[in-house]
Amino acid sequence: MPLHIHPTTESTLRDLAEYFVAKAHEAIAARGRFAVALSGGSSPKKLYELLASPAYRAQVDWPNVYFFFGDERNVPRTDPQSNYLMAKTALLAPLGVADAHVFAFETDLSPAEAAAAYSKEINDFFSPKPARFDLVLLGLGDNSHTASLFPHTEVLHATTADVQAVFVPEVDMYRLTFTAPLINQARAVAFLVFGADKAAAVRRVRQGTRNAEEFPAQLIAPSAGERQWFLDEAAAAELSNSAAQPD
Ligand SMILES: O=C(O)[C@H](O)[C@@H](O)[C@H](O)[C@H](O)COP(=O)(O)O
């Protein structure tokens, strides 16, 4: 579980942007395409803006990149809470990504229908092979959730590598999310976490007692893939030295 700890948010973002570029090059060279699942929330917005900036946009063969979402809020794509809208604004529109290369949740369907439809889209995309993303980007909530795998929700017990709808009392809404098995099939997973308010969650997930019900991000352990953490020093502040060293 390699750790990349940086003094500032900006240097953390640059490091992850370089990692994203490297994973894209690897995937396109090996398989002719790069399938990435974007994370939502506020943390990745600056990463997406950086990737779309002149410093990075020329480094990736974007017409061979396919964008998915590791989770979504059950809101219209025009809603300010939409992860799709955030990514569209910060990354997809500035890059001129064709709609056919963007797989967004159909949130006008019921949550269960939207989850089933997205699971089918993912399976069709990877068929006949199992769904194996080249990179899944993840954030971390201060309660140790990731994607929309929140503490004490049924979806934590999913054994199928698919997408499920889950009502999350903590945010009083349905969420659509990759299950942990689907995330763990990825070739690479990268957490992006910054800020002192996440330091306790980072410690619990990396060093705390094994308790996925309380700390769902502990479920993320790719069976045959990389698991990387990109942190600023504030988010890494509660890690003991032994844990702060790269594995
Ligand atoms: O839809 C979402 O909100 C995300 O997928 C979620 O898992 C996010 O990564 C964390 O909640 C951290 O959010 P912030 O980056 O806003 O702190």
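Only heavy atoms go into these numbers, but all of them, side chains included; no hydrogens, no water, no symmetry mates. In listed order, ligands and their atoms are each counted from 1. When a residue number appears, it is its place in the shown sequence, counting from 1.
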For residues 83-94, which side-chain N or O atoms pair as donor and acceptor with protein atoms under 3.5 Å away, sequence neighbours left out?
from, atom 1, to, atom 2, distance (Å)
N83, OD1, G41, N, 3.2
N83, OD1, R73, NE, 3.3
N83, ND2, D71, O, 3.2
T89, OG1, L85, O, 2.7

Show me the donor-acceptor pairs, under 3.5 Å and distance only, between side chains in residues 29-39 and residues at least two apart or in other chains.
from, atom 1, to, atom 2, distance (Å)
R31, NE, D134, OD1, 3.4
R31, NH2, D134, OD1, 2.7
R33, NH2, F125, O, 3.3

Tell me if the aromatic rings of F194 and F230 count as close, with their centers under 6.0 Å from one another. no
Enter the distance from I183:CD1 to L137:CG here, rounded to the nearest 0.5 Å.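 Those atoms lie 11.0 Å apart.
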In terms of side-chain geometry, is the basic nitrogen of K45 or E49 positioned less than 4.0 Å from the acidic oxygen of its partner? yes
Counting only heavy atoms and a distance below 4.0 Å, can you name the residues contacting ligand 1?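 Those residues closer than 4.0 Å to ligand 1 by some heavy atom are G40, G41, S42, S43, D71, R73, N83, G139, L140, G141, H145, T146, A147, R175, K198.
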Under 3.5 Å, which donor-acceptor pairs do the side chains of residues 97-109 form with other protein atoms, sequence neighbours left out?
from, atom 1, to, atom 2, distance (Å)
H101, ND1, P63, O, 3.3
H101, ND1, V65, O, 3.0
T107, OG1, V75, O, 2.8

